[in-house]
Amino acid sequence: MSFQQRTINCGEPRASHAGQTVTINGWAHKVRDLGGLLFVDVRDRTGLLQVIFPENTKAEIRSETCLSITGTIAPRDASNVNPNQPTGEVELRVTDFEILNQAAVLPFPLSDEKSMERVNEELRMKYRYVDLRRPSVYQRMALRAAAVKGIRAYLDNETFLEIETPIITKSTPEGARDYLVPYRIEPGKFYALPQSPQQYKQLLMVGGLERYYQIAKCFRDESQRADRQPEFTQLDIEMSFITQEDILGLIERMTVKVVNDLIADFALDIEPISSFERLTYDESLALYGSDKPDLRFGLTIFNAAEALANTEFSVFKNTLEAGNFIRGLRYPGGAELSRKQITEFEDLAKSFGAKGLATFSLINPSEEAEGSRLTASGLRVKGGISKFLSDAEVDALVALSGAEAGDLLCFVADNWAVTNDGLCRIRLKIGSDLGLRDPRKLAFGFVVDFPLVEWNEDEQRWDPSHHPFTSPKSADIPLLDTDPGKIRADCYDVVCNGYEWGSGSIRIHRPDLQAKIFTLIGVTPEQQEERFAHILEAFTYGAPPHGGIATGIDRLIMLLLNEENIREVMAFPKMGNGYDPLMDAPSTVDEKQWEEMGLMLRPAPPKS
RNA sequence: GGGGGUGUAGCUCAGUGGUUAGAGCGCCGGCCUGUCACGCCGGAGGUCGCGGGUUCAAGUCCCGUCAUCCUCGCCA
């Protein structure tokens, strides 16, 4: 089927094109039929161009009709110029047109970006091929493509090789649940889709490739979240003969270059980034209550216990006697909060396991508000737990927190983990309330020196805090036999705006140490043999020191677009339960396929 | 697996236990020669997610269920 092909893109014509005869291809974005006059905004991926048909043209054109239109670029009268469109100074006077394909009535108002933001997502995903036509969606895909292109260019220039690794591979049951693929040749055996290319990239280092990267699809069969999908994309990197500093330096330089180029090329309303902040895991938890801090603002956590050693307030007293922690946050201007707003903060703390949230306000000393009191040093405190605190304790807490009149102080008293989780969330909410989580800022940082293992209370064993191939810091190796919880690892995260963007480590490259770590984390010698024989053996053939990192491509695009939903940065995302409404996947398969695979369905377990 | 929100026209949403369930946009028909959120007139369009129950009467109240969004657990 032949058709008149475009000679110019819709977004290009300007006054300087006046008089030219051109052809455009695209879709009817908006039709305005005035009877004798017919205007159509024709859209392609570059933009919109208004076309005007000859007087009294009758044409069956509605939204999203696919068109080829030939005509003359004509300047508009001054009174008809549309300053809101880049092509608004001109229009195309139609001499010939062809309907390439008629469009059915759309399931949603595609041309109205504002309305589209509220349209039911499942509907948008079912008709994603239409949704993708929206200029804003196109921009998101274009940004993503440019980001990947920038990353490739940077790493290619640094002599990295892009290498593909298998998608159907071996299940290693540690970590996330695997997606399984039945093996037809031997029923009962399965491939798994990779949770990451971790072992392959290490084997590439053993193979002497030295510098590897991949834009790698990863698969994890776990519960979804706004920022998680069953399949997602990582920038996966591995290098040989390097130290942690080499990898952090590479990531920092690459990210600064790629992100700043994207900000410039796409005119993103984001401040250019420079160097990355750096803090240890312990510092990050102490100051931010999280290993993925939002570094766009301060308001760090302070240790309130220092001021409360002799407190008579029973809740605090009991906490300290149990060897637990009392930590606090300052909410600048928080004295103005209503009872209801403070209750919201309490509920937030409770939803992360805290038994409560203790608060009191510091107000202007001359404001003799009901329920307030003036301390000996001239501070005026009000409400919450203030009546349980001595003047000296108030003074000390105010000094520790740097609070001023008008501020609210919040405290969580509990074990280390609960105070971290609760205060981290409260800090983020304070930051949001005060407008400190500025969408025009990207605050990248490295969190380093993670613990090698964490105690798993349920399973009564040590679990790797990163993965089993992570190298302990050489200085801490003696602790393997005495105090594994104290071992720090050559392990690092790169964080941005409260998200974990990526993580990596220096790997173990000696088989004896790898076996020892497996034993520590409860992988028996038999399991090591069955699941990891290949990598342990590989390390016996002169494996080089190596390490790497993996960062989330989807999350980077989310950060650049200030988008909280990962589905918006993927062309064909799945719904929360892993369902794909467009393809209607997953689906049943033919009886013949079951048979070939040697599979049968188990009876469903009875509902309890 | 747990908690919370949502589900009414193609879309976005109103709807106090009581008449024939409404609005805006979209769609269809008519009119309209400078629109760009075109305008004006008319019209069609409903399994109130689904199944039970309470009631003289249920979109509305109760129970169950499904879908979807957010979230806790989970995510080496």
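Worth knowing before you read on, the calculation uses all heavy atoms, side chains too, and leaves out hydrogens, waters and symmetry mates. Naming convention: chains lettered A, B, ... in sequence-line order (proteins, then strands); numbering from 1 in each chain.
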[atom1] gap between [N] and [M], integer Å:
N      : M      : atom1 : result
C41(B) : G52(B) : P     : 44 Å
A21(B) : A58(B) : P     : 14 Å
C36(B) : G30(B) : C1'   : 23 Å
C72(B) : G39(B) : P     : 45 Å
C62(B) : C70(B) : P     : 27 Å
A9(B)  : G51(B) : P     : 16 Å
G59(B) : C13(B) : P     : 22 Å
G15(B) : C48(B) : C1'   : 11 Å

Should the ring pair Y127(A) and Y129(A) be called parallel, tilted or perpendicular, given that the plane angle runs from 0 to 90° and is split at 30 and 60?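 Y127(A) and Y129(A): perpendicular rings.
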Fit a plane to each ring of F450(A) and Y281(A), take the angle between them on a 0 to 90° scale, and name the class: parallel (under 30°), tilted (30 to 60°) or perpendicular (over 60°). tilted
Under 3.5 Å, which N/O atoms of the protein pair with N/O atoms of nucleotides 11-14 of chain B?
{"residue": "U12(B)", "atom": "OP1", "partner": "N120(A)", "partner atom": "N", "Å": "2.6"}

Take atom [atom1] of [X] and atom [atom2] of [N], then tell me their distance rounded to the nearest Å.
X       : N      : atom1 : atom2 : result
I52(A)  : U33(B) : CD1   : P     : 12 Å
L48(A)  : A37(B) : CG    : C1'   : 14 Å
L37(A)  : C32(B) : CG    : C1'   : 10 Å
I566(A) : C70(B) : CD1   : P     : 11 Å
Q50(A)  : U35(B) : CD    : C1'   : 6 Å
E60(A)  : G29(B) : CD    : C1'   : 13 Å
L348(A) : G4(B)  : CG    : C1'   : 14 Å
N56(A)  : G34(B) : CG    : P     : 12 Å

Select base, sugar-phosphate, or nothing to describe what [X] touches, counting heavy atoms under 4.0 Å on all strands.
X       : result
S196(A) : base
R93(A)  : base
N565(A) : sugar-phosphate
M116(A) : nothing
E454(A) : nothing
N577(A) : sugar-phosphate
P464(A) : sugar-phosphate

In this structure, are over 12 heavy atoms from other groups packed under 6.0 Å from [X] atom [atom1]?
X       : atom1 : value
K126(A) : NZ    : no
R510(A) : CZ    : no
R45(A)  : CZ    : no
Q460(A) : CD    : yes

Using heavy-atom distances to pick each residue's nearest nucleotide on RNA chain B, tell me which of Y579(A) and H467(A) is more 5'.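 The answer here is Y579(A).
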Between [X] and [Y] (salt bridge meaning N to carboxylate O under 4.0 Å), is one present in this structure?
X       : Y       : value
E64(A)  : R133(A) : yes
R339(A) : E346(A) : yes
R93(A)  : E91(A)  : yes
R427(A) : D294(A) : no
E568(A) : R124(A) : yes
D433(A) : K429(A) : yes
K355(A) : D414(A) : yes

Provide the Watson-Crick or G-U wobble partner of [N], both distances under 3.5 Å; none if there is no partner.
N      : result
G7(B)  : C66(B)
C36(B) : none
U16(B) : none
G46(B) : none

Among Q202(A), H509(A), R507(A), which residue meets the side chain to side chain donor-acceptor pair (under 3.5 Å) test with H546(A)?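 Among Q202(A), H509(A), R507(A), the one that satisfies the side chain to side chain donor-acceptor pair (under 3.5 Å) with H546(A) is Q202(A).
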Is a donor-acceptor contact shorter than 3.5 angstrom present between the side chain of R124(A) and the base of G10(B)?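 Per atom types, no contact qualifies.
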Is a donor-acceptor contact shorter than 3.5 angstrom present between the side chain of E122(A) and the base of U68(B)? no
Look at the side-chain N and O atoms of R62(A) and state whether any lies under 4.0 Å from the OP1 or OP2 oxygen of G10(B).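 Answer is no, no contact under 4.0 Å.
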N/O (side chain, N82(A)) to phosphate O (OP1/OP2, U35(B)) under 4.0 Å: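 So the side chain of N82(A) is outside the cut-off, no N or O lying under 4.0 Å from OP1 or OP2 of U35(B).
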Restricting to nitrogen or oxygen on both sides, can you table the protein-nucleotides 72-75 of chain B pairs closer than 3.5 Å?
{"residue": "C72(B)", "atom": "OP1", "partner": "R425(A)", "partner atom": "NH2", "Å": "3.0"}
{"residue": "C72(B)", "atom": "OP2", "partner": "R225(A)", "partner atom": "NE", "Å": "3.2"}
{"residue": "C72(B)", "atom": "N4", "partner": "R225(A)", "partner atom": "NH2", "Å": "3.4"}
{"residue": "G73(B)", "atom": "N7", "partner": "R225(A)", "partner atom": "NH2", "Å": "2.8"}
{"residue": "G73(B)", "atom": "O6", "partner": "S223(A)", "partner atom": "OG", "Å": "2.9"}
{"residue": "G73(B)", "atom": "O6", "partner": "R225(A)", "partner atom": "NH1", "Å": "3.1"}
{"residue": "G73(B)", "atom": "O6", "partner": "R225(A)", "partner atom": "NH2", "Å": "3.1"}
{"residue": "G73(B)", "atom": "N1", "partner": "S223(A)", "partner atom": "OG", "Å": "3.1"}
{"residue": "C74(B)", "atom": "O2'", "partner": "E222(A)", "partner atom": "OE1", "Å": "2.8"}
{"residue": "C74(B)", "atom": "O2", "partner": "R228(A)", "partner atom": "NH2", "Å": "3.4"}
{"residue": "C74(B)", "atom": "N3", "partner": "R228(A)", "partner atom": "NH1", "Å": "3.4"}
{"residue": "C74(B)", "atom": "N3", "partner": "R228(A)", "partner atom": "NH2", "Å": "2.9"}
{"residue": "C74(B)", "atom": "N4", "partner": "R228(A)", "partner atom": "NH1", "Å": "3.3"}
{"residue": "C75(B)", "atom": "O2", "partner": "R228(A)", "partner atom": "NH1", "Å": "3.0"}
{"residue": "C75(B)", "atom": "N3", "partner": "R228(A)", "partner atom": "NH1", "Å": "3.0"}

When rounded to the nearest 0.5 angstrom, what distance separates CG in D291(A) from CG in N420(A)? 9.0 Å
Using nucleotides 38-44 of chain B, report all nitrogen or oxygen pairs with the protein that are shorter than 3.5 Å.
{"residue": "C38(B)", "atom": "N4", "partner": "D33(A)", "partner atom": "O", "Å": "2.5"}

